[in-house]
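Structure first, then comments.
Hydrogens, waters and symmetry mates play no part in the numbers below; they use all other heavy atoms, side chains included. Please read these numbers as outputs of a predicted model, since none were measured by experiment.
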Amino acid sequence: PSVRGADAPLRLPVEETPEPPVLAAEDWADVRAFGANPADHLDDSEAIQLALDSGKAGVVFPNWTEADGRYVVHRPLRVPATVRVIDGVL
């Protein structure tokens, strides 16, 4: 029997994972600089969106341990085309 619908194979070509671009320090936006704070348990959506919209090619979420908390997002975020790398997400 043929497979159709949601269970059908996509038959997409397999490609190597590209290397992420190497960015200079000034090309990164740290979400904490825009007000995100994983330790306060408050919504970080606005601060993260500001970091994404900063025009920087990289957005970083500094590594935190589980004991330090987590970034909280309560709304969809839009990643603009200017962002090439998002790093440090736990």
Starting from [Y], can I reach [X] by hopping between I/L/V/M/F/W/Y residues whose side chains sit under 4.5 Å apart?
X   : Y   : value
V73 : V83 : yes
L42 : V72 : no
L52 : V31 : yes
V85 : V60 : yes

What are the two closest non-hydrogen atoms of [X] and [Y], and how far apart are they?
X   : Y   : answer
E46 : R75 : CA-NH2, 3.7 Å
A29 : A51 : CB-O, 3.8 Å
E26 : K56 : O-NZ, 2.6 Å
D53 : P80 : OD1-CG, 3.9 Å

Between F34 and D44, is a side-chain contact (heavy atoms from CB on, under 4.5 Å) present by the stated rule, with each step listed? CA-CA 9 Å; F34 294 87; D44 296 307; over 6 Å; no

Heavy-atom side-chain contact between Y71 and R32 under 4.5 Å: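 Yes, at least one pair of side-chain atoms sits under 4.5 Å.
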
Should I48 and V59 count as side-chain neighbours, where that means a heavy-atom distance under 4.5 Å?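 Side chain of I48 against side chain of V59, heavy atoms only: no contact under 4.5 Å found.
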
Return the CG to OG1 distance between D27 and T82, rounded to the nearest 0.5 Å.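 Answer rounded to 0.5 Å: 11.0 Å.
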
I'd like to know if the side chain of S45 and the backbone of H74 have a donor-acceptor N/O pair within less than 3.5 Å.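 Yes, because the side chain of S45 sits within donor-acceptor range (under 3.5 Å) of the backbone of H74.
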
